[in-house]
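Heads up: the structure comes next, in structure tokens.
All residue numbers refer to positions in the sequence shown, counting from 1. Read the numbers this way: they start at 1 and go in the same order the structure lists the ligands and their atoms.
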Amino acid sequence: MSVADETADAVVVGGGTVGAWCAYFLRRAGLARVVLIEKGFLGQGATSRAAGVVRMQGGTPEAVRLGQWSRQFYLSQRDEIGTDSGFTEQGYLLPCFTEAEVAAAHERMAMQTGLGVPVRWLDSGEVDAANPTLAPGQTLGGTFCAQDGYITPPRNVAAYTVALIRSGVEVREHVAFGGLTASGVDTSQGPIDAGLVVLTGGPKLAAVGRLAGLRIPAGGARHQIAVTERHPDLDPARVPMVFDLAAGLYWRPEEGGLLFGMSNPDEPPGENREVDEGYLAKMRARLAALVPVTAGLGLRRLWAATIDYTPDHLPIIGRAPGADRVTVACAGGAGMMWGPGVARAAADVALTGSSDVLDTSQLGLDRFDEAGHSRLATDPIALPFPERIASS
Ligand SMILES: Cc1cc2nc3c(=O)[nH]c(=O)nc-3n(C[C@H](O)[C@H](O)[C@H](O)COP(=O)(O)OP(=O)(O)OC[C@H]3O[C@@H](n4cnc5c(N)ncnc54)[C@H](O)[C@@H]3O)c2cc1C
């Protein structure tokens, strides 16, 4: 079907969690005609391949706020749209292994509790008691938030598909964004006039930006996930989620086994969906040292996918410089824990220039210089993402 000569109040580019929830929020805000264009199918990007971790224990106030908002949204979904993204409150432990990490964790915790996050310090013995699968005596303690948890990424795609259809967003799969026109967007099926345009793209956002004539310092990097076989010791009641920040390794319960994710900080950025067996072996050794029961377990599932990132590991939410009708949105590799909050804030910014989700005034593209360096401090609680963009 041709979409030439169409008119919409807003066109959203990209059917991942950021674009889809943004289109839903724009429609819910009262726009009559919202069109979502996706060059493949809904959820085909990072969104369906994620681990689903949702954490309020952010490293900056913005990260905390987006985590809080998104978690609350996940909890409210069933009432709002009749289904949900499968949020499970599992509890999340960030252990410390050095005195420097302990000091940083206490500082962070003061910021987080000031913002209302129910995070607490567990000393070494309490960490072991709360986490019987962990090899005892390994940590100097850690921060723990019982209200952190995870969603099920495929359920999230199903939830936003339902939300889009119920709310009356017009979903166009297999329609690619080709660029901006004077009055809207160009697509692979013809132009659409639109008062507002929201650009998303996850790991492909820089390419979407180039089509729009914008330089967007966002990139992609390989991230791997594996799921172990089941084991009675890995019953969810015995396994809080854990983020071994220094190693860039995290895990959570999954179907009676452990799901663990990892990023190689030494790997150059770029799209990559091949499994890196060597790095997997390294992370399996680290996991086995901390959770000995995993040492002898086979893997039930294993995949690699490209994760989005920004150089300061913070989201991008802002209008394009010099083009007020165009808004750019990126979750910076945290689209499960921040996605709905980023999406709602982007919808608000597109409509009014600001948002009650959080203050977005520092989060636009204008925080980056020509080389993609940000004037903001890097979020310290993130995967070991690259701090530069592949092409820069
Ligand atoms: C392995 C892995 C594990 C992860 N685990 C977590 C986690 O535990 N917690 C967490 O918070 N985050 C996690 N993430 C990150 C999270 O998945 C992403 O931040 C989030 O999915 C990004 O959503 P998005 O909508 O911006 O991008 P995407 O989901 O990639 O969607 C962008 C869409 O834009 C489309 N598109 C691109 N170009 C065009 C074009 N020209 N025209 C039309 N459409 C276009 C793409 O096809 C794609 O569907 C993980 C990511 C990966 C890969």
Side-chain angles (χ1 to χ4, degrees), residues 11-23 35-56 58 63 66-67 70-71 74 85 92 148-153 156-157 160 172-179 185-189 198-212 216 218 220-226 241 243 250-252 254 259-263 271-273 275 301-310 313 315-317 328-343 346 381-383 385:
V11 169
V12 179
V13 176
T17 200
V18 175
W21 286 120
C22 181
V35 176
L36 174 66
I37 60 170
E38 161 55 53
K39 73 173 182 182
F41 50 86
L42 294 181
Q44 75 166 11
T47 291
S48 60
R49 305 169 201 278
V53 170
V54 177
R55 137 172 88 70
M56 293 187 289
L66 286 169
S70 299
R71 175 184 172 280
Y74 290 132
S85 302
Y92 205 6
D148 283 341
Y150 61 92
I151 60 166
T152 307
N156 181 47
V157 177
Y160 69 61
R172 299 286 162 79
E173 292 187 319
H174 305 293
V175 176
F177 172 69
V185 299
D186 215 359
T187 81
S188 54
Q189 293 194 13
V198 179
L199 301 177
T200 77
K204 296 187 189 305
L205 181 59
V208 169
R210 277 193 293 277
L211 290 169
I216 304 179
R222 172 160 57 184
H223 187 66
Q224 295 197 127
I225 296 190
M241 295 154 56
F243 190 4
Y250 59 88
W251 61 89
R252 67 165 174 84
E254 170 80 354
L259 177 154
F260 59 103
M262 70 215 91
S263 273
E271 297 237 348
N272 194 336
R273 288 183 51 200
V275 168
R301 283 192 277 146
L302 169 63
W303 69 98
T306 311
I307 190 166
D308 47 314
Y309 72 90
T310 56
H313 312 162
I316 299 172
I317 308 166
V328 177
C330 173
M336 301 295 108
M337 62 188 167
W338 299 343
V342 169
I381 309 301
L383 291 170
F385 290 128

Quiz item: Got the closest protein heavy atom to atom 20 (C) of ligand 1, with its distance?
Solution: Gly335 CA, 3.8 Å

Practice problem: Between Ala51, Pro203, Gly67, flag the one that comes closest to atom 6 (C) of ligand 1 by a heavy atom. | Solution: Ala51

Quiz item: Which protein non-hydrogen atom lies closest to atom 41 (N) of ligand 1, naming both residue and atom, and how far is it?
Solution: Phe177 O, 3.5 Å

Quiz item: How far is atom 15 (C) of ligand 1 from its nearest protein heavy atom, and which residue and atom is that?
Solution: Gly333 O, 3.5 Å

Quiz item: For ligand 1, which atoms have a heavy atom of Asp308 less than 4.0 angstrom away?
Solution: 15 (C), 18 (C), 19 (O), 22 (C)

Quiz item: Is there a donor-acceptor contact under 3.5 Å from the side chain of Thr200 to the main chain of Ala329?
Solution: no

Quiz item: Out of Cys22, Gly40, Ala50, Gly261, whose heavy atom sits nearest atom 4 (C) of ligand 1?
Solution: Ala50

Quiz item: atom 44 (N) of ligand 1: which protein heavy atom is closest, and how many Å away?
Solution: Lys39 N, 3.1 Å

Quiz prompt | Heteroatom proximity flag, Lys204 to ligand 1, N/O under 3.5 Å | solution = no

Quiz item: Who gets closest to atom 21 (O) of ligand 1 by heavy atom: Ile151, Val185, Thr47?
Solution: Thr47

Quiz item: Charged N to carboxylate O under 4.0 angstrom, Arg301 versus Glu254?
Solution: yes

Quiz item: Taking only residues two or more places apart in sequence, or in another chain, which ones meet Ala334 in a side chain to side chain contact (heavy atoms under 4.5 Å, CB included)?
Solution: Met337, Trp338

Quiz prompt | Listed partners of Ala206 passing side chain to side chain contact (heavy atoms under 4.5 Å, CB included), at least two apart | solution = Arg210

Exercise. Give the minimum heavy-atom separation between Ile225 and Ala50, together with the two atoms involved.
Key: CD1-C, 4.0 Å

Quiz prompt | Ligand-side contact atoms (ligand 1) for residue partner Gly201, heavy atom cut-off under 4.0 Å | solution = 32 (C), 34 (O)

Quiz prompt | Element-labelled atoms of ligand 1 that are located less than 4.0 Å from some non-hydrogen atom of Arg49 | solution = 1 (C), 2 (C), 3 (C)

Practice problem: Would you check whether Cys330 reaches within less than 4.0 Å of ligand 1, judged by its heavy atoms? | Solution: no

Practice problem: Quick one: do Val12 and Ile37 satisfy side-chain contact (heavy atoms from CB on, under 4.5 Å)? Show the steps, please. | Solution: CA-CA 6 Å; Val12 179; Ile37 60 170; over 6 Å; no

Self-check item: Numbering as shown, the atoms of ligand 1 that approach Met337 to under 4.0 Å (heavy-atom distance)
Solution: 10 (C), 11 (O)

Quiz item: Taking the minimum heavy-atom distance to atom 7 (C) of ligand 1, which of Val53, Leu199, Leu205 ranks first?
Solution: Val53

Quiz item: Does Met336 reach ligand 1 with a nitrogen or oxygen that is under 3.5 Å from one of the ligand's nitrogen or oxygen atoms?
Solution: yes

Exercise. For atom 30 (O) of ligand 1, find the nearest protein heavy atom and state the residue, atom name and distance (0.1 Å precision).
Key: Ala46 N, 3.0 Å

Quiz item: Nearest protein heavy atom to atom 31 (O) of ligand 1, by residue and atom, and its distance?
Solution: Gly16 CA, 3.4 Å

Quiz prompt | Nearest-option assignment for atom 24 (P) of ligand 1, heavy atoms, candidates Leu66, Leu383, Val18 | solution = Val18

Self-check item: Ala334-ligand 1 polar pair, N/O distance under 3.5 Å
Solution: yes

Self-check item: Option of least heavy-atom distance to atom 38 (N) of ligand 1 (set: Val157, Thr17, Val208, Asn156)
Solution: Val208

Quiz item: Between the side chains of Thr306 and Asn272, is a donor N or O closer than 3.5 angstrom to an acceptor N or O?
Solution: no

Quiz item: Among protein heavy atoms, which lies nearest atom 34 (O) of ligand 1, and at what distance?
Solution: Gly14 CA, 3.3 Å

Practice problem: Measure the spacing between OG1 of Thr310 and CZ of Phe385 and express it to the nearest 0.5 Å. | Solution: 8.0 Å

Practice problem: Show which atoms of ligand 1 fall inside a sub-4.0 Å distance from at least one heavy-atom site of Ala305. | Solution: 53 (C)

Quiz item: For the atom pair OG (Ser70) and CH2 (Trp21), what is the distance rounded to the nearest 0.5 Å?
Solution: 11.0 Å

Quiz item: Parallel, tilted or perpendicular: which describes the rings of Tyr92 and Phe243, with under 30° parallel and over 60° perpendicular?
Solution: parallel

Practice problem: Would you check whether Gly339 reaches within less than 4.0 Å of ligand 1, judged by its heavy atoms? | Solution: no

Quiz item: Between Ile225 and ligand 1, which part of the residue brings a heavy atom under 4.0 Å of the ligand: side chain, backbone, both or neither?
Solution: side chain

Exercise. List every atom of ligand 1 that sits less than 4.0 Å from any heavy atom of Gly52, numbering the atoms from 1 in the order shown and giving each element.
Key: 7 (C), 8 (O)

Quiz item: Counting distance only, does the side-chain N/O of Arg252 pair as donor-acceptor with the main-chain N or O of Ala51 below 3.5 Å?
Solution: yes

Quiz item: Does the pair Glu271/Arg222 count as a salt bridge with the N-to-O cut at 4.0 Å?
Solution: no

Quiz item: With atoms numbered from 1 as shown, which atoms in ligand 1 lie under 4.0 angstrom from a non-hydrogen atom of Thr306?
Solution: 53 (C)

Practice problem: List every atom of ligand 1 that sits less than 4.0 Å from any heavy atom of Gly45, numbering the atoms from 1 in the order shown and giving each element. | Solution: 29 (O), 30 (O), 49 (O)

Quiz item: Heavy atoms, side chains only, cut-off 4.5 Å: are Tyr250 and Phe260 in contact?
Solution: no

Quiz prompt | Distance from atom 33 (C) of ligand 1 to nearest protein heavy atom, with residue and atom | solution = Glu38 OE1, 3.5 Å

Practice problem: Say whether, by atom type as modelled, one donor and one acceptor occur between the side chain of Tyr150 and the main chain of Met336 under 3.5 angstrom. | Solution: no

Quiz item: To the nearest 0.5 Å, what is the distance between CH2 (Trp303) and CD (Gln224)?
Solution: 11.0 Å

Quiz prompt | With Ser85, the side-chain contact (heavy atoms from CB on, under 4.5 Å) member among Thr152, Thr17, Asn156 | solution = Asn156

